[in-house]
**Student:** 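Pasting a structure below so you can have a look.
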Amino acid sequence: MARIAPLSGFPEWLPDGRVVEQHVLDTLRRTFELHGFAGIETRAVEPLEQLLRKGETSKEVYVLRRLQADPEADEAGDKQLGLHFDLTVPFARYVLENAGKLAFPFKRYQIQKVWRGERPQDGRFREFVQADIDVVGAGELPYHFEVELPLVMAEALGALRGIGLPPVRVLVNNRKVAEGFYRGVGLEDVEGVLRQVDKLDKVGPDAVAELLQAEQGATPEQAKACLELAAISGEDVSVVDRVRELATAYGAVTDLLETGLAELRALVAAAAERAPGVVVADLKIARGLDYYTGSVYETVLVGHEQLGSICSGGRYDTLASDGKNTYPGVGLSIGVSRVVSRLLSAELVRATRGVPSAVVVAVVDEDQRAASDAVAAALRGRGIPVEVAPTAAKFGKQIRYADRRGIPYVWFPGAVGEDGVRGPDQVKDIRSGEQTPADAATWEPPAEDRWPRVIPADA
RNA sequence: GUGGCUAUAGCUCAGUCGGUAGAGCGCCUGGUUGUGGUCCAGGAGGUCGCCGGUUCAAGCCCGGUUAGCCACCCCA
């Protein structure tokens with residue numbers, strides 16, 4: 001028998017999970033718009049060569065082809081399409097394509113699915129939703145956007161605290177600091193060093209020290225310096241002084257380092273004021289991607305650090321370039337699916353119901369279905385989500401129909417008396433059992449019952 | 001892509017020394033006269049992932065395969 005089984009890495013939620021996801025999406029979108037970001041959507045595909053420009057992700061790209069494509073023809077390859085694996089590459093292409101029509105600096109948000117042919121795991125998917133914000137400038141982009149963007153994300157995620165999302169911690173670092181320091185101590189393969197330092201949480205400092213020596217040719221002294229830098233973290237500007245002291249001790253003070261430290265200081269100082277306790281400077285944050293040139297960000301859910309980063313990004317001096325013009329940018333991306341999957345699997349949140357209906361209108365018998373339809377229409381006309389019972393089963397079954405779906409109210413159309421006149425309708429709150437006469441032209445459910453809500457699971 | 005673990009009812013899982021399948025939950029029906037949840041009584045539902053091998057006999061042992069989970073890699 002052809003077993004129906006979920007496809008690993010392609011998550012699908014039940015209706016009440018979708019209510020949660022939709023709430024998250026709505027909340028993020030509202031926050032982005034409050035900060036003036038314009039929404040765009042790009043196509044799902046990009047030319048393969050465009051997607052592969054960013055490096056070693058090639059194996060992860062899903063290629064698109066027609067079932068009947070001529071196998072000879074696709075040898076040509078330059079017209080091959082792939083599903084985008086992030087929203088930054090499509091955005092960069094979009095900026096170049098529409099540069100003449102956009103006003104810079106351009107702030108946009110983009111919430112879409114992306115695809116990566118990775119091995120799925122808890123919180124890691126092959127098809128998932130990202131919510132990105134980026135600011136892109138023409139030619140130049142003021143540093144203050146590197147301060148603003150992580151704070152917008154912190155606010156967006158903070159807006160989800162009410163439904164039970166754990167607090168977040170935005171870890172920040174600056175590429176110029178890392179690069180300036182590493183070069184200052186004589187390590188030229190900045191990329192390689194970053195990659196090893198990035199493993200710190202997983203393998204520990206001793207292993208990283210060995211890797212630095214074995215893989216990057218570092219001296220024990222250089223390795224020690226890298227680890228001491230990585231150990232520095234803090235919420236206030238004193239981290240900057242500590243980095244400078246360390247660099248001085250190793251004779252590693254460079255202009256690049258000083259530039260980076262000034263930037264990092266500005267970010268930490270602003271964050272301490274605008275979002276105290278949320279942004280933490282952490283000098284071990286590396287981010288493997290090579291195109292970051294300034295601030296880099298990673299965000300964890302407090303208590304769920306094992307889940308990995310739920311929101312990352314950074315500054316790119318060259319987000320896009322057409323040869324003549326360069327467009328620097330800074331942006332972050334929330335892994336919406338990762339967040340939602342954890343909210344659901346760890347039972348941090350729940351939806352009050354999985355269907356929109358606040359009311360089920362009972363059907364007395366099929367001959368009187370029209371009366372129930374009329375009640376439903378009257379309620380809907382006033383914006384109350386309603387459905388009519390699917391069958392004229394015993395009332396006990398119709399109540400159970402509502403109960404199973406979490407629908408709080410059952411409406412009983414008045415019985416037709418011997419005089420042929422319909423008696424008064426009644427509405428029952430099936431949670432309390434309370435049943436009262438009601439008029440479809442005026443009855444209102446309490447506001448909290450009107451639509452499904454997302455609430456902390458323990459509420 | 002590499003490695004480890006797993007696959008039995010809709011779900012979560014038991015299944016001993018190989019002897020042709022069980023529980024809990026869920027679902028359906030009933031417990032008169034149109035009002036659910038609790039309780040009671042009944043009931044439906046499984047080619048034991050798939051293919052092959054060993055054996056008188058395989059859910060159990062062996063090989064393969066597919067899928068899922070986890071770790072690595074990388075990343076949201």
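Note that the structure is predicted; figures quoted are calculated from it, not measured. Note that these values count all heavy atoms, side chains included, but never hydrogens, waters or copies made by symmetry. Lettering of chains follows the sequences in order, A, B, ..., and the numbering in each one begins at 1.
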**Student:** Atom CD1 of A:Ile407 and atom P of B:G36: how far apart are they, to the nearest Å?
**Tutor:** 18 Å

**Student:** Which value, in whole Å, describes the distance between the C1' atoms of nucleotides B:C13 and B:G46?
**Tutor:** 14 Å

**Student:** For a quick check of understanding: with a heavy-atom distance under 4.0 Å over all strands, which category does A:Ile334 fall into, base, sugar-phosphate or nothing?
**Tutor:** nothing

**Student:** Considering only side-chain heavy atoms of A:Glu118, which listed nucleotide, B:C74, B:G36, B:C72, is closest?
**Tutor:** B:C74

**Student:** Is a donor from one side chain sitting under 3.5 angstrom from an acceptor on the other, for A:Glu387 and A:Tyr401?
**Tutor:** yes

**Student:** Rounded to the Å, how far apart are A:Lys428 NZ and B:G36 P?
**Tutor:** 8 Å

**Student:** Distance check: side-chain N/O of A:Ser8 vs OP1/OP2 of B:C69, anything under 4.0 Å?
**Tutor:** yes

**Student:** Need one value for A:Ala131: base, sugar-phosphate or nothing, where a base atom within 4.0 Å counts as base even if backbone is also close, heavy atoms only.
**Tutor:** nothing

**Student:** Which part of the nucleic acid, if any, lies within reach of A:Gly308 when heavy atoms closer than 4.0 Å are counted: base, sugar-phosphate only, or nothing?
**Tutor:** nothing

**Student:** Answer yes or no: side-chain N or O of A:Arg124 and base N or O of B:C74 forming a donor-acceptor pair under 3.5 Å.
**Tutor:** yes

**Student:** Which whole-number value in Å describes the distance from A:Phe125 CZ to B:C70 P?
**Tutor:** 9 Å

**Student:** What nucleic acid atoms does A:Val114 come within less than 4.0 Å of, heavy atoms only: base, sugar-phosphate, or nothing?
**Tutor:** nothing

**Student:** So what's B:G1 paired with, Watson-Crick or G-U wobble, going by both distances under 3.5 Å?
**Tutor:** B:C72

**Student:** Does the plane of the ring in A:Phe10 sit parallel, tilted or perpendicular to the ring in A:Tyr62? Use 30° and 60° as the thresholds.
**Tutor:** tilted

**Student:** What integer number of Å spans the P atoms of B:G64 and B:U2?
**Tutor:** 15 Å

**Student:** OP1, OP2 of B:C28 versus side-chain N and O of A:Lys397: anything below 4.0 Å?
**Tutor:** no

**Student:** Can you tell me if A:Arg400 touches the phosphate of B:C27, counting only side-chain N or O atoms and a distance under 4.0 Å to OP1 or OP2?
**Tutor:** no

**Student:** Is there a donor-acceptor contact under 3.5 Å linking the side chains of A:Thr42 and A:Gln110?
**Tutor:** yes

**Student:** Give me the distance, rounded to whole Å, that separates B:G4 from B:U12 when you measure between the P atoms they each carry.
**Tutor:** 26 Å

**Student:** Going by purine N1 to pyrimidine N3 plus the second Watson-Crick contact, or the G-U wobble pair, all under 3.5 Å, which nucleotide sits opposite B:C50?
**Tutor:** B:G64

**Student:** If the P atom of B:U38 is compared with that of B:G10, how far apart are they to the nearest Å?
**Tutor:** 23 Å

**Student:** If we take the P atom in both B:C72 and B:U65, what is their distance in whole Å?
**Tutor:** 26 Å

**Student:** Please report the distance, rounded to the nearest Å, between CD in A:Gln426 and C1' in B:U35.
**Tutor:** 11 Å

**Student:** Among the candidates B:C74, B:A76, B:G36, find the nucleotide nearest to the side-chain atoms of A:Arg116.
**Tutor:** B:A76

**Student:** When we call it a touch if two heavy atoms are under 4.0 Å apart, what does A:Val363 touch: a base, just sugar-phosphate, or nothing?
**Tutor:** base

**Student:** Taking all atoms of both residues into account, what is the closest heavy-atom pair of A:Ala159 and A:Thr31, and its distance?
**Tutor:** CB-OG1, 4.3 Å

**Student:** Taking only the C1' atom of each, what is the distance from B:U8 to B:G45 in whole angstrom?
**Tutor:** 14 Å

**Student:** Is the phosphate of B:U35, meaning OP1 or OP2, less than 4.0 Å from a side-chain N or O of A:Gln435?
**Tutor:** no

**Student:** Within the structure, does a side-chain N or O atom of A:Arg119 lie under 4.0 Å from either OP1 or OP2 of B:U2?
**Tutor:** no

**Student:** Determine which nucleotide pairs with B:A14, using a 3.5 Å limit on both distances of a Watson-Crick or G-U wobble pair.
**Tutor:** none

**Student:** Can you tell which of B:C74, B:G36, B:G31 lies closest to the side chain of A:Lys394?
**Tutor:** B:G31

**Student:** Please test A:Arg116 against A:Asp86 for salt bridge (charged side-chain N to carboxylate O under 4.0 Å, His left out), starting from the C-alpha separation and ending with a verdict.
**Tutor:** CA-CA 9 Å; A:Arg116 292 182 192 177; A:Asp86 69 13; 5.2 Å; no

**Student:** Ring of A:Phe128 versus six-membered ring of B:A76: centres under 5.5 Å and planes under 30°?
**Tutor:** yes

**Student:** Please find out if less than 6.0 Å separates the ring center of A:Tyr292 from that of A:Tyr316.
**Tutor:** yes

**Student:** Does the A:Arg342 side chain pair with the main chain of A:Gly123, one donor and one acceptor, at a distance under 3.5 Å?
**Tutor:** no

**Student:** Ignoring backbone atoms, test whether A:Arg126 places a side-chain nitrogen or oxygen under 4.0 Å from the OP1 or OP2 oxygen of B:C75.
**Tutor:** no

**Student:** Under 30°, 30 to 60°, or over 60°: which ring-plane class applies to A:Tyr94 and A:Phe106, parallel, tilted or perpendicular?
**Tutor:** parallel

**Student:** Heavy-atom nearest nucleotide on RNA chain B for A:Ile310 versus A:Asp403: which residue maps closer to 5'?
**Tutor:** A:Asp403

**Student:** Give none if B:G45 has no partner; otherwise give the nucleotide forming a Watson-Crick or G-U wobble pair with it, both distances under 3.5 Å.
**Tutor:** none

**Student:** Taking the C1' atom of each, how far is B:U35 from B:C70, in whole Å?
**Tutor:** 49 Å

**Student:** Where the side chain of A:Asp122 is concerned, which of B:C75, B:C74, B:C70 is the nearest nucleotide?
**Tutor:** B:C70

**Student:** Just name whichever nucleotide pairs with B:G34, Watson-Crick or G-U, keeping both distances under 3.5 Å, else none.
**Tutor:** none

**Student:** Taking CG from A:Asp429 and P from B:U35, how many angstroms apart are they, rounded to a whole number?
**Tutor:** 19 Å

**Student:** Output the rounded distance in Å from CG (A:Leu343) to C1' (B:A76).
**Tutor:** 14 Å

**Student:** To the nearest angstrom, how far is A:Gln306 atom CD from B:A71 atom C1'?
**Tutor:** 12 Å

**Student:** Find the partner of B:A9: check Watson-Crick (N1-N3 plus N6-O4 or O6-N4) and G-U wobble (N1-O2, O6-N3) distances, both under 3.5 Å, and reply none if neither fits.
**Tutor:** none

**Student:** When the C1' atoms of B:G43 and B:C5 are considered, how many whole Å apart are they?
**Tutor:** 38 Å

**Student:** Quick one: which of B:G68, B:C28, B:C73 gets closest to the side chain of A:Arg404?
**Tutor:** B:C28

**Student:** To the nearest Å, give me how far apart OH (A:Tyr409) and C1' (B:G37) are.
**Tutor:** 17 Å

**Student:** Within the side chain of A:Asn173, is there an N or O that forms a donor-acceptor pair under 3.5 Å with the backbone of A:Ile285?
**Tutor:** yes

